Amino acid sequence: MSPAENVLEIENLNVVFGGEDHEVTAVESVSLSLRAGEALALVGESGSGKSTVGFATIGLLPGNARTTGRIMVGGTETTGADEKAMRALRGNEIGMVFQEPATALNPLRRVGDQIAEVIRNHREVTRAQARAEAVQLLERVGIPQPQTRSRAFPFQLSGGQRQRVVIAMAIANRPRLLIADEPTTALDVTVQAEILDLLRDLAKDSGTGVLLITHNMGVVADFADTVAVMHQGRIVETGTVRKVLTDPAAAYTQKLLAAVPRLRTEASDEIRPSKPETEAVLSVEKLNVVYGRGPGAVHALKDVSFTVRAGQTLGIVGESGSGKSTAARVALGLIKPRSGSVELFGQELRAGRGGRALRAGIGVVLQDPASSLDPRMTVAQAIAEPLHIHRRSLSRSDLDTAVKEALEQVNLAPSLASRAPQELSGGQRQRVSLARALILKPRLLIADEPTSALDVSVQQSVLEVVAELQAELGFACVFVSHDLAVVQRVAQQVLVMRSGEVVETGPTERTLLYPETDYTRRLLDAVPVPDPDQQKIRRQARLTLAAGA
Amino acid sequence: MTWPSFLIRRLLQALVVILLITVVVFGLLHSLPGGPARGILGAQATPDQIAAFNAEQGLDQPVPAQYLAYLGDLVTGDLGESYTLNSSVSGLITERLPKTLVITAGSGLLALLVGIPLGMWQAARRNRLADQVITGVSMIAYSTPAFFLGLLLIIAFSLNLPWFPSQAPQGASAGAVLAEPAGLVLPILTGAAAMIAVFSRYMRGATLDNLNQDYVRTARAGGTGGSRLLWGHVLRNSLTPVVAMAGYYVPVAFGGALVVEQLFNYPGMGLLFWSAAQSSDFPVLLGCILVISVATVVGTLLADIAQALIDPRVKVGQS
């Protein structure tokens with residue numbers, strides 16, 4: 001096969017999901033081609049149909065899907081192929097990597113055996129040979145001590161390592177086509193950068209074509225040669241990565257790119273007026289949180305101190321497991337620290353009634369809008385719930401007015417009040433969470449990854465609402481996020497955490513542009529920016545730094 | 001956690017539970033109407049006779065001392081004397097328990113061996129005709145009282161078709177009973193029917209759950225499919241909830257034995273319990289309760305160990 005040959009050719013693909021009484025068209029007239037050794041990024045927001053294209057290609061759509069059109073993988077037509085024929089292709093000609101490494105592996109089988117199974121599905125080798133090959137594959141995907149680790153169960157590996165195992169399974173039989181469906185979305189930025197490096201090397205070595213499905217424009221800039229932008233089941237724009245990301249033709253692409261929060265790497269010209277020092281709303285001093293006892297104890301927070309002032313936002317950043325959510329929860333009084341003090345509105349936060357009254361001054365927004373609203377409560381009931389608890393004397397009509405005002409504040413139509421949360425979109429739900437958090441007119445808002453489950457355009461509108469309301473109401477905000485670009489945008493102060501400790505803290509403008517520690521620098525360097533040329537330079541710099549370290 | 005420390009920890013937990021059970025059973029024994037003296041000496045006994053009996057049996061001692069004495073007796077296998085059967089309670093139980101175990105263990109084993117594959121088979125064919133027919137039969141089996149189902153089985157397979165005897169083997173020991181396997185078929189089937197229905201329903205649900213898991217999609221993306229997917233990936237993951245439930249079915253199986261033994265005239269623990277209850281033979285009743293409670297604890301212990309064997313995360317408490 002010549003390197004220029006297409007490993008994937010999709011012509012006029014349509015996918016329709018049939019429900020009980022209605023049909024949903026997920027993919028409409030999609031045509032794509034991907035050459036060996038190249039990477040094609042399929043980008044779009046949730047519901048755009050990008051994953052459906054991937055699953056149609058590998059023949060893993062749910063049973064109620066109907067497909068028309070033509071999909072050719074390495075010259076073999078997969079549309080209309082029966083299950084047996086598809087089984088011969090899957091894991092052999094086509095490999096696939098999934099979004100969620102935590103659940104992608106069978107929890108009860110050793111990882112080496114799971115890789116060996118894929119090998120034995122397609123090649124006549126003995127169990128021992130397949131196992132030996134699995135160890136080599138683990139080494140190839142960068143798992144240390146591959147021999148020992150091949151005997152590990154998935155729960156004994158980190159998220160990044162599990163994703164490496166899934167990649168090892170996907171490349172075990174040197175497929176012509178590798179489909180990577182949001183392969184780094186569930187991972188920390190530093191791990192994301194490593195996984196993308198790995199995929200790039202593997203594809204280069206074997207001439208595999210990669211179909212990368214993602215919503216992250218930074219990842220696209222880092223990885224792809226060509227880009228196809230999907231919107232509502234259709235491709236709205238196709239082109240080289242440079243063309244699409246720097247000079248998009250379609251209006252939708254322009255809008256999408258404008259909504260992407262960009263990590264600024266240079267100081268902006270505008271000088272933000274330094275705000276007068278306002279009163280401290282929350283200040284925590286030398287917090288320690290320890291889970292468990294004895295040698296197995298986990299130090300979740302070590303001597304963590306910070307202060308949040310009225311009208312200001314403190315961003316807490318760090319990788320997963322760094323303790324950033326724990327810090328927020330201690331401030332909420334949900335976790336009792338082993339030592340240290342939490343001062344809320346000038347008073348010591350203690351358990352019991354006094355603590356409860358103090359907590360009435362805190363609003364909370366959590367990451368997942370789907371699970372943080374009770375599905376059996378209407379929007380109005382959910383928003384009014386804090387009032388029922390903390391303002392019992394309110395009359396029925398006062399409640400209704402309060403709910404109506406709260407909905408207006410977050411730019412939601414009052415007619416949504418009687419809806420159930422599952423009837424709303426993700427962004428609407430998160431705005432309902434915000435309305436609920438703000439209904440008691442809190443002096444402090446704690447937001448734990450409030451936009452990480454949302455699409456960028458939705459994220460933008462939610463962040464705008466928060467900023468407007470903060471300017472209007474003057475509450476202090478603790479904003480926990482793994483997304484440095486978002487934090488750079490919303491926070492005046494930033495706290496960088498690692499393994500339960502504060503690595504550095506300071507004004508966002510200074511700390512995220514001129515970091516003082518290697519850890520912060522590594523975090524910043526790992527963030528992919530949505531500009532292919534700039535990202536190439538950043539990647540080189542990061543790799544050089546890593547090689548030197 | 002390593003296997004030895006896991007096992008030691010679970011065994012200690014089980015021992016604590018058993019100790020608590022002895023406290024409850026002792027409390028019940030102690031609160032018998034009129035006390036054990038009245039039970040043994042009869043309603044006509046004079047207060048003097050009762051006082052003498054109490055002194056002789058140590059029943060005038062303080063309660064904690066009595067409990068310790070009771071515990072000491074338990075350890076040596078002394079569960080007291082039956083009021084009515086002129087035999088020691090432990091003697092009665094050692095005679096009857098193995099025979100009941102033949103029925104209950106037989107039913108339980110049959111239910112697992114049939115229910116688990118049946119549930120998986122149904123899940124693989126969900127909502128097709130075979131699945132729906134089996135679901136219907138399961139519902140009937142589950143909702144039919146055991147005594148009625150047993151009667152139907154006797155009418156069908158003993159009277160109309162003379163395949164199996166309508167009476168269970170009458171041998172005095174478990175070995176003698178096992179020598180007549182034909183006689184065990186109907187009692188074991190009667191005991192197993194409802195459990196088969198429950199286990200297969202659970203297994204069907206767990207399998208369907210697992211078929212929708214991400215790891216199944218990953219395995220399929222690697223070219224695994226058909227029976228290898230079902231037996232190699234889904235079976236083990238689906239077993240955990242079923243195994244946990246099997247542990248809780250130990251007391252249910254003993255309860256079922258009560259009916260089965262009555263129906264097939266099989267002198268095991270169930271009949272012993274039944275006749276003791278009718279004649280207010282409290283030492284025997286409480287001895288039976290103690291044995292069944294301990295069997296329940298052992299059942300859940302075995303289920304826990306089986307779960308740890310299936311799922312390595314159980315041992316480290318990370319499941």
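On a predicted model such as this, the values are computed, not experimentally measured, just so you know. A, B, ... follow the sequence lines: proteins, then strands. Residue 1 opens every chain.
Proximity to chain B involves both the backbone and the side chain of A:Leu108, based on heavy atoms less than 4.5 angstrom apart. When heavy atoms are compared at a cutoff of 4.5 Å, A:Ile94 approaches chain B solely by way of its backbone atoms N, CA, C and O.
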Inset, instruction - Decide side-chain contact (heavy atoms from CB on, under 4.5 Å) for A:Met86 and B:Arg220; before the verdict, give the C-alpha distance in whole Å, the side-chain angles of both, and the deciding distance to 0.1 Å. - result: CA-CA 10 Å; A:Met86 282 314 295; B:Arg220 291 186 67 199; over 6 Å; no
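The two residues B:Gly226 and A:Arg87 make their nearest non-hydrogen contact at N-NH2, 3.5 Å. Contact between A:His122 and B:Gly223 at its shortest, heavy atoms only, is NE2-CA, 3.9 Å. Heavy-atom minimum distance, A:Val118 versus B:Gly222: CG1-O, 3.6 Å. The nearest pair of heavy atoms linking B:Pro312 to A:Pro107 is CG-O, 4.5 Å.
The neighbour count for B:Tyr202 OH, taken as heavy atoms of other residues, nucleotides or ligands under 6.0 Å away, does not exceed 12. Within a 6.0 Å sphere centred on OH of B:Tyr142, heavy atoms belonging to other residues, nucleotides or ligands number 12 at most. Annotation for A:Arg127: atom CZ does not count as buried by contact number, only 12 or fewer foreign heavy atoms lying within 6.0 Å. B:Gln132 CD: more than 12 foreign heavy atoms inside a 6.0 Å radius. Within a 6.0 Å radius of CZ in A:Arg123, other residues, nucleotides and ligands contribute more than 12 heavy atoms.
Salt-bridge formation is not detected for the pair B:Arg217/A:Glu100: no Lys NZ or Arg NE/NH1/NH2 atom is positioned less than 4.0 Å from an Asp or Glu carboxylate oxygen.
Residues forming a salt bridge (charged side-chain N to carboxylate O under 4.0 Å, His left out) with A:Asp188 (at least two apart in sequence, or on another chain): none.
Atom CE of A:Met169 and atom OG1 of B:Thr224 lie 7.0 Å apart (nearest 0.5 Å). If you take CG on B:Asp214 and CG on A:Asn106, they are separated by 12.0 Å, rounding to the nearest 0.5 Å. In this structure, CG in B:Asp311 is found 7.5 Å from CZ in A:Phe155, a value given to the nearest 0.5 Å.
The closest side-chain donor-acceptor pair between B:His233 and A:Glu117 falls under 3.5 angstrom. Using a 3.5 Å distance cut-off with no hydrogens or angles, the side chains of A:Asn121 and B:Arg228 do pair a donor with an acceptor.
The side-chain heavy atoms of A:Gln156 and B:Arg313, taken from C-beta on, include no pair separated by under 4.5 Å. In this structure the side chain of A:Thr103 never reaches within 4.5 angstrom of the side chain of B:Gln213, judged on heavy atoms.
Of the possible donor and acceptor atoms, none in the side chain of B:Thr218 sits under 3.5 Å from a partner among the backbone N and O of A:Leu105.
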